[in-house]
Peer 1: 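Before anything else, here's the structure in question.
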Amino acid sequence: MSAPAITPVFVRLKLSLLRNGLRQSGGRKAAYITSAVFALLFAALQLIGLIALRGHAHAESVVVLAVAVLGLGWAVMPLFFPSGDETLDPTRLVMLPLRPRPLVRALLTASLVGIGPLFTLCLLVGSVVAVARGGAAFAVGVVAVALALLVCVALARAVAAANVRLLTSRKGRDLAVLSGLVIAIGAQIVNFGAQRLGASGLGELDPAADVLQWVPPASAIGAVHAVSEGSYGPAAAQLALSAGALVALLALWSRHLTRLMTSPDGSTLPSAESAAKERSSTGLARLLPGGRTGTVMERSLRYVWRDPKTKAAWVTSLAIGLIVPVFNAWQGTGSVYFACFAAGMLGIQMYNQFGQDTSAFWMVAMTISSARDAYVELRARAYALLLITLPYATLVTVVTTAMLGDWQRLPEALGLSFALLGAMLATGAWTSARFPYSIPQEGYKNVAPGQTGLAWISIFGGMMAAALLCAPVIALTIWLNVSADGDDWKWLLFPAGTVYGAALTAAGLKLAAPRTARRLPEILAAVSKG
């Protein structure tokens with residue numbers, strides 16, 4: 001007696017999961033329907049736009065790059081949005097008597113149900129229509145669409161299966177916080193690419209498309225264009241590449257499924273050797289000052305390295321602080337003053353210092369009994385931030401200046417950066433004591449419910465105050481640039497901005513310390529809310 005087919009069962013299971021998920025709350029149903037409508041509307045507009053490219057000289061380059069980016073999106077989606085599809089976790093099926101090959105077939109078919117596959121199908125169909133000419137090309141296009149869609153889905157499944165132990169753990173869920181970094185960097189890259197295309201035309205895409213047309217799943221669309229040009233040999237090779245990639249991904253997926261179904265989960269258990277190494281690691285402490293200052297600095301730096309949300313905020317600030325000035329300098333439209341963006345992005349990390357500790361702040365509060373203790377605590381946190389920010393802001397300023405070749409403005413750019421950094425440290429220390437708010441550890445929110453107003457006042461109010469505090473250095477810079485004899489004195493802006501920034505930091509810490517000591521109960525209640 002043959003075993004019943006499990007593929008229809010898994011398709012019905014996927015539909016049941018979607019239906020039951022929408023029944024949980026009206027808000028979730030509204031969010032799903034709204035996102036579905038927008039996704040389908042965008043897919044329809046994209047389909048129309050791709051069809052409109054038909055006959056354009058560079059249509060092949062556009063569609064090949066679009067499909068390549070789509071494949072990349074399917075590859076990284078499980079890493080940053082592991083909770084987006086509950087069926088991505090095959091460990092829930094370990095107690096069932098299922099063989100890998102039928103399970104792969106069933107999961108692959110179930111994966112074709114959803115908004116993502118429908119959006120992908122629309123893009124692929126539009127890509128084929130844009131480049132296909134003749135009956136043979138459209139016939140190959142049908143095969144190419146099926147191959148490309150299956151490659152995308154199998155790629156996502158293989159990546160999810162390879163990392164499912166991590167993605168279903170707490171640390172893995174926290175990895176999704178870094179999606180903000182990917183979006184921020186991607187937005188800058190897209191902006192840069194759009195500006196280049198606007199200036200040079202779609203012909204700029206041809207070199208990249210010539211390479212990517214041999215990389216699955218874009219190679220399937222490349223085969224359609226090759227058939228339209230009468231190049232049947234290259235078309236067969238490109239289709240074979242896509243088919244081979246699909247077979248390899250399915251084999252890799254099956255291998256990881258077998259391992260998941262038969263091996264114990266030890267991914268979240270650290271080995272004794274690594275734990276002992278972690279306990280004996282004191283290299284960082286030896287480089288820091290002694291006493292409370294060194295202890296607080298070490299704690300702050302460990303937060304940057306270990307806490308997922310703190311790490312995400314720092315990595316995002318470091319990346320954007322470099323991308324904005326460097327990309328603008330690369331395009332020839334930038335200025336050395338754009339380098340101040342690095343100091344500004346990193347200075348934001350001084351805001352809501354106690355909120356970063358969350359409920360663990362009570363242990364810090366127990367050690368603060370006077371304004372002096374609060375001052376040492378805040379000063380050490382500022383030192384930890386400066387340990388990263390000062391060399392980084394200097395590096396970004398030097399790199400931006402070198403790309404622009406405007407070395408005579410380096411002293412004033414450094415002076416402005418350091419003055420801005422000092423002003424943000426000062427206002428950040430004060431707003432941390434005056435407007436603290438909680439940062440939820442789970443999920444994607446960075447502000448606890450009901451504290452959004454506090455966050456806006458703390459960050460944007462502090463940034464406006466920092467800009468006002470920098471006004472003397474800005475005014476001095478403008479005066480020296482318009483003055484007839486200003487060139488001889490511009491070098492003074494570097495020491496003047498540095499001293500002014502240091503003075504602002506010291507004054508801000510002095511003003512914030514007494515308020516911090518007085519408001520410890522209120523601060524503890526605010527940062528523990530989430």
Side-chain angles (χ1 to χ4, degrees), residues 317-318 320-329 331-351 382 385-386 388-432 434-435 456-512:
S317 296
L318 290 168
I320 298 178
L322 177 66
I323 288 173
V324 170
V326 167
F327 271 33
N328 280 278
Q331 297 176 79
T333 59
S335 166
V336 292
Y337 302 119
F338 278 28
C340 296
F341 206 84
M345 289 298 300
L346 295 182
I348 294 175
Q349 304 308 316
M350 188 64 185
Y351 292 82
L385 190 145
L386 287 170
I388 302 173
T389 303
L390 275 179
Y392 184 79
T394 304
L395 175 64
V396 172
T397 305
V398 172
V399 169
T400 305
T401 305
M403 294 182 68
L404 294 171
D406 196 3
W407 290 105
Q408 63 178 356
R409 296 189 185 273
L410 178 61
E412 54 190 284
L414 285 173
L416 281 172
S417 292
F418 294 161
L420 175 61
L421 179 59
M424 298 194 74
L425 291 179
T427 56
W430 191 84
T431 58
S432 293
R434 183 62 183 85
F435 303 108
W456 278 86
I457 294 173
S458 174
I459 297 177
F460 291 98
M463 291 172 63
M464 292 178 63
L468 291 175
L469 289 174
C470 287
V473 179
I474 296 174
L476 180 60
T477 303
I478 296 174
W479 181 74
L480 289 177
N481 275 278
V482 300
S483 175
D485 300 327
D487 292 341
D488 297 333
W489 301 98
K490 283 183 181 179
W491 64 272
L492 287 175
L493 288 170
F494 172 54
T498 304
V499 172
Y500 184 73
L504 287 178
T505 301
L509 295 175
K510 286 289 186 182
L511 291 173

Peer 1: Out of curiosity, Trp489 CH2 to Leu476 CG, how far, rounded to the nearest 0.5 Å?
Peer 2: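 One finds 12.0 Å between CH2 of Trp489 and CG of Leu476.
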Peer 1: Which residue in the set Thr394, Leu318, Leu421 passes side chain to side chain contact (heavy atoms under 4.5 Å, CB included) when paired with Thr389?
Peer 2: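 In the set Thr394, Leu318, Leu421, the residue that makes a side chain to side chain contact (heavy atoms under 4.5 Å, CB included) with Thr389 is Leu421.
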Peer 1: Measure the shortest side-chain to side-chain distance between Met424 and Ile348 over non-hydrogen atoms and say whether it is less than 4.5 angstrom.
Peer 2: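 Met424 reaches Ile348 side chain to side chain.
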Peer 1: Has Ser432 got a side-chain atom pairing as donor or acceptor with Met350's backbone, closer than 3.5 angstrom?
Peer 2: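 Yes; judged by distance alone, with no hydrogens or angles, the pair exists.
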Peer 1: Going by atom type alone, with no hydrogens or angles, which donor-acceptor pairs under 3.5 Å involve a side-chain atom of residues 491-499 and a protein atom two or more places apart or on another chain?
Peer 2:
from: Trp491; atom 1: NE1; to: Asp488; atom 2: O; distance (Å): 3.2
from: Thr498; atom 1: OG1; to: Phe494; atom 2: O; distance (Å): 2.8

Peer 1: Taking all heavy atoms of Thr400 and all of Ser335, pick out the closest pair and write down the distance.
Peer 2: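 Smallest interatomic distance, heavy atoms only, reads CG2-O, 3.9 Å.
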Peer 1: As a quick check of understanding, evaluate side chain to side chain contact (heavy atoms under 4.5 Å, CB included) for Phe435 and Ile459, giving each step before the final call.
Peer 2: CA-CA 9 Å; Phe435 303 108; Ile459 297 177; over 6 Å; no
Peer 1: Report yes if some heavy atom in the side chain of Trp407 is under 4.5 Å from a heavy atom in the side chain of Val398; otherwise report no.
Peer 2: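 With C-beta onward as the side chain, the pair touches.
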Peer 1: Please answer whether the main-chain N or O of Gly462 pairs with a side-chain N or O of Tyr351 as donor and acceptor at a distance below 3.5 Å.
Peer 2: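 Yes.
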Peer 1: Can you spot which of Leu420, Leu385, Leu504 makes a side chain to side chain contact (heavy atoms under 4.5 Å, CB included) with Leu425?
Peer 2: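 Option passing the side chain to side chain contact (heavy atoms under 4.5 Å, CB included) with Leu425: Leu385.
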Peer 1: Side chains of Gln408 and Asp406, heavy atoms from C-beta outward: is any pair under 4.5 Å?
Peer 2: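 Side-chain contact under 4.5 Å: yes.
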Peer 1: Measuring from atom CZ of Phe338 to atom CZ of Phe327, what distance do you get when rounded to the nearest 0.5 angstrom?
Peer 2: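 Between Phe338 CZ and Phe327 CZ, I get 14.0 Å after rounding to 0.5 Å.
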Peer 1: Between Lys490 and Leu480, which heavy-atom pair has the shortest distance, and what is it?
Peer 2: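 Residues Lys490 and Leu480, closest heavy atoms: CE-O, 3.8 Å.
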Peer 1: What's the spacing between Leu511 CG and Thr427 OG1 if we round to 0.5 Å?
Peer 2: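 Spacing of CG (Leu511) from OG1 (Thr427) equals 11.5 Å.
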Peer 1: Quick check for you: to the nearest 0.5 Å, what is the distance between Leu322 atom CG and Phe341 atom CZ?
Peer 2: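 Taking CG in Leu322 and CZ in Phe341, the distance rounds to 11.5 Å.
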Peer 1: List the atom of Gly321, the atom of Val396, and the distance in Å for their closest heavy-atom pair.
Peer 2: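 Smallest interatomic distance, heavy atoms only, reads O-CG1, 3.8 Å.
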Peer 1: For the residue pair Tyr500 and Leu469, what are the closest heavy atoms and their distance?
Peer 2: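 Residues Tyr500 and Leu469, closest heavy atoms: OH-O, 2.5 Å.
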Peer 1: What's the verdict on side chain to side chain contact (heavy atoms under 4.5 Å, CB included) for Leu416 and Val473, showing C-alpha distance, side-chain angles and the deciding distance?
Peer 2: CA-CA 7 Å; Leu416 281 172; Val473 179; 3.6 Å; yes
Peer 1: Measure across Gly508 and Ala426 and return the closest heavy-atom pair with its distance rounded to 0.1 Å.
Peer 2: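 That would be CA-CB, 3.8 Å.
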Peer 1: When you look at Leu404 and Arg409, which way does the side chain to side chain contact (heavy atoms under 4.5 Å, CB included) test go after all the steps?
Peer 2: CA-CA 10 Å; Leu404 294 171; Arg409 296 189 185 273; over 6 Å; no
Peer 1: About how many Å separate CE of Met463 and OG1 of Thr431, when rounded to the nearest 0.5 Å?
Peer 2: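 It comes to 11.5 Å.
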Peer 1: Over all heavy atoms of both residues, which pair between Cys470 and Ala423 is shortest? Give the atoms and the distance, please.
Peer 2: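 Smallest heavy-atom distance, with atoms named: SG-CB, 3.7 Å.
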Peer 1: Do Arg434 and Ile457 have side chains that get closer than 4.5 Å, going by heavy atoms?
Peer 2: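 No - every pair of side-chain heavy atoms lies 4.5 Å or more apart.
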